[in-house]
There are 2 protein chains.
Amino acid sequence: MRADALKNRQRLIDVAIELVLEVGGEPARDAIAERAGVGIGTLYRHFPDQQSLLHAATRHVLEKSVAAGEALIEAVPDGVDALRQYMHMALDNGIGAVNILHPLLEKPDWPDLRVRAATLMKSMVGRAARQGTLRKDLSERDIVFGLTRFARPLAVGLSSDEERSLAHRHLDFYLDGLCAEQSRRGALEP
Amino acid sequence: MRADALKNRQRLIDVAIELVLEVGGEPARDAIAERAGVGIGTLYRHFPDQQSLLHAATRHVLEKSVAAGEALIEAVPDGVDALRQYMHMALDNGIGAVNILHPLLEKPDWPDLRVRAATLMKSMVGRAARQGTLRKDLSERDIVFGLTRFARPLAVGLSSDEERSLAHRHLDFYLDGLCAEQSRRGALEP
DNA sequence: AATCAAACGGAGGAATATTCTCCGGTTATG
DNA sequence: CATAACCGGAGAATATTCCTCCGTTTGATT
């Protein structure tokens with residue numbers, strides 16, 4: 001494969017992720033090509049149909065996030081710290097795009113990745129709970145749910161930099177809440 | 001105005017809010033009319049152009065939320081409790097639709113409401129901070145940002161009931177985090 | 001530096017989605 | 001029961017998105 005072809009291919013994937021996050025759904029092919037700075041023909045040569053690009057993009061993000069997460073769980077002994085770093089990292093990797101794309105994919109089954117991701121989440125939550133720093137009533141699904149809340153920009157008239165920085169800030173608040181001994185609300189209205 | 005006309009008008013507004021939340025953007029007119037169970041002609045008679053429907057819907061949600069918030073601040077003495085109840089209520093009222101629609105409106109200026117909303121937020125945050133139960137470094141914008149994270153469904157393959165219930169649950173976690181004396185993260189990486 | 005297979009760009013017609021008008025029929029209201 | 005107000009939805013008009021095709025450019029190889 002020629003060098004320029006490879007570069008374009010990767011660029012198309014990156015742009016697709018970017019646009020998926022901005023649009024909050026399937027972006028128009030023309031828009032992807034334009035933003036990537038390539039002709040529409042190039043897009044169609046690399047990804048003959050919509051699905052193949054979306055698959056490639058989703059897989060790219062997932063793979064990066066899971067791999068980094070597996071490394072974190074080895075490297076960071078404290079459970080909540082590992083979880084926190086994982087979530088911030090996933091957010092920067094564009095994990096929100098996976099959340100958006102998953103329901104749009106026709107055959108989104110990657111047995112290998114699915115297992116690795118599930119195992120990773122289970123380890124993260126389990127260890128932190130066992131260490132006593134994380135609430136005991138959280139499942140993996142909760143973590144995924146929480147992550148998705150901060151993982152994609154929701155238009156409120158902020159620049160994308162402001163949005164990113166606020167997302168990280170509030171993700172930290174949220175994680176503080178997950179560490180609280182007992183929900184204040186729970187105490188008030190049992 | 002005839003009774004059936006009024007009923008249809010209100011129904012159209014409700015459906016619009018519902019669809020805006022589902023779609024995450026401007027829904028197609030046809031879809032609104034169909035879901036509301038009225039002919040497309042009826043939609044156009046009540047709201048000759050797109051903007052007028054979106055305006056009406058936005059205003060409806062905003063008005064309800066602000067009014068309820070003003071009542072809460074009177075009725076609930078504890079600052080954080082008031083804030084918590086406000087956020088849960090706004091979530092149920094479809095405040096997420098406002099967040100989505102605002103950037104799509106052409107002339108979204110309701111001086112009265114804008115002032116009331118700003119005042120409300122300032123009071124809520126200010127009082128809770130003064131009472132010492134809420135973090136001191138939060139602005140009104142932070143609260144709005146946080147609210148928007150939970151205020152609209154983000155597709156993850158959940159039924160709309162599951163989604164709603166998880167949103168409330170995690171909003172509580174998040175609020176617990178806003179009450180923490182000091183962020184654990186902040187303590188770890190200053 | 002010459003060659004050429006591989007890759008590129010983008011005009012523009014086809015396909016699809018959305019908007020919005022129009023008018024014959026229906027219904028609430030007095 | 002009269003009638004003004006309201007309703008429904010077919011379908012033409014418009015906007016958007018898709019995707020093919022082919023002449024041009026470029027990276028690799030010798």
Side-chain angles (χ1 to χ4, degrees), chain A residues 1-58 60 97 100-108 155, chain B residues 1-58 60 97 100-108 155:
Chain A
M1 192 177 211
R2 248 167 65 174
D4 54 343
L6 195 70
K7 206 187 58 190
N8 278 339
R9 192 192 144 84
Q10 188 55 49
R11 173 121 186 89
L12 282 167
I13 291 179
D14 290 343
V15 166
I17 295 167
E18 208 176 289
L19 275 176
V20 164
L21 282 169
E22 278 175 32
V23 177
E26 205 163 316
R29 316 287 288 282
D30 299 25
I32 298 174
E34 187 182 3
R35 169 89 62 105
V38 307
I40 187 70
T42 301
L43 171 56
Y44 276 85
R45 203 167 318 105
H46 283 293
F47 304 100
D49 58 64
Q50 225 163 359
Q51 286 286 319
S52 61
L53 173 54
L54 302 186
H55 268 260
T58 308
H60 181 249
I100 294 168
L101 289 176
H102 191 261
L104 302 177
L105 295 180
E106 271 155 23
K107 211 176 52 77
Chain B
M1 191 177 217
R2 250 167 65 172
D4 53 344
L6 196 69
K7 206 187 56 188
N8 279 338
R9 191 192 145 84
Q10 188 55 47
R11 172 119 186 90
L12 283 167
I13 290 178
D14 289 343
V15 165
I17 294 166
E18 209 175 289
L19 275 176
V20 164
L21 281 170
E22 278 176 31
V23 177
E26 205 164 315
R29 316 288 289 280
D30 299 28
I32 298 174
E34 187 182 1
R35 169 89 60 104
V38 305
I40 187 69
T42 303
L43 171 56
Y44 276 85
R45 202 168 319 102
H46 284 294
F47 303 100
D49 58 63
Q50 223 164 359
Q51 287 287 316
S52 61
L53 173 54
L54 302 186
H55 268 259
T58 308
H60 181 249
I100 294 168
L101 289 175
H102 192 261
L104 303 176
L105 296 179
E106 270 155 21
K107 212 177 49 81

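In what follows, chains carry the letters A, B, and so on, assigned in the order in which the sequence lines appear, proteins first and then strands, with residues in each chain numbered from 1. What you see is a predicted model; the values in this text were computed from it and never measured. What you see below is based on every heavy atom in this structure, not just the backbone, and it leaves out hydrogens, waters and symmetry mates.
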Nearest whole angstrom, please: distance from the [atom2] of [N] to the [atom1] of [X].
X	N	atom1	atom2	value
A/Arg11	C/dC8	CZ	C1'	16 Å
A/Leu12	C/dG9	CG	C1'	13 Å
A/Glu34	D/dT17	CD	P	12 Å
A/Asp30	D/dA15	CG	P	17 Å
A/Asp49	D/dC19	CG	C1'	12 Å
A/Tyr44	D/dT17	OH	C1'	8 Å
A/Ile32	D/dC19	CD1	P	12 Å
B/Leu43	C/dT21	CG	P	12 Å

Which nucleotide wins on minimum distance to the side chain of [X], given the candidates [options]?
X	options	result
A/Thr42	C/dC8, D/dG8, C/dA11	C/dC8
B/Val38	D/dA5, C/dC8, D/dG8	D/dG8
B/Arg29	C/dT19, C/dA7, D/dC19	C/dT19
A/Ala3	C/dA7, D/dG27, D/dC7	D/dG27
A/Ile40	D/dC19, C/dT18, C/dC20	D/dC19
B/Asn8	D/dG9, D/dC7, C/dA11	D/dC7

State, with a plain yes or no, whether a side-chain heavy atom of A/Val23 is found less than 4.5 Å away from one of A/Ile100.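 The answer is no, as the side chains (C-beta and beyond) never meet within the 4.5 Å cut-off.
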How about A/His60 and A/Gln10: do any of their side-chain heavy atoms sit closer than 4.5 Å? yes
Look at B/His46 and D/dC7 and indicate whether a side-chain polar atom (N or O) is within less than 4.0 Å of OP1 or OP2.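 Yes, within the criterion.
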Is it the case that the side chain of B/Glu26 and the backbone of B/Leu104 share a donor-acceptor pair, with hydrogens and angles ignored and the cut-off at 3.5 Å? no
5' priority, DNA chain C, between B/Arg45 and B/Pro48 [closest heavy atom]: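 Checking each residue's closest nucleotide, the 5'-ward one belongs to B/Pro48.
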Set out, in order, the CA-CA distance, both residues' side-chain angles and the distance that settles side chain to side chain contact (heavy atoms under 4.5 Å, CB included) for B/Leu53 and B/His46, then state yes or no. CA-CA 8 Å; B/Leu53 173 54; B/His46 284 294; over 6 Å; no
For A/Asp4, report the nucleic acid contact type (base, sugar-phosphate, nothing); a contact means any heavy atom under 4.0 Å. sugar-phosphate
Testing B/Val15, B/Ile32, B/Asn8 one by one against B/Val38 for a side chain to side chain contact (heavy atoms under 4.5 Å, CB included), which residue passes?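 Considering B/Val15, B/Ile32, B/Asn8, a side chain to side chain contact (heavy atoms under 4.5 Å, CB included) with B/Val38 is found only for B/Asn8.
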Under 3.5 Å donor-acceptor pair, B/Arg2 side-chain atoms to C/dT27 base atoms: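 Donor-acceptor pair under 3.5 Å: yes.
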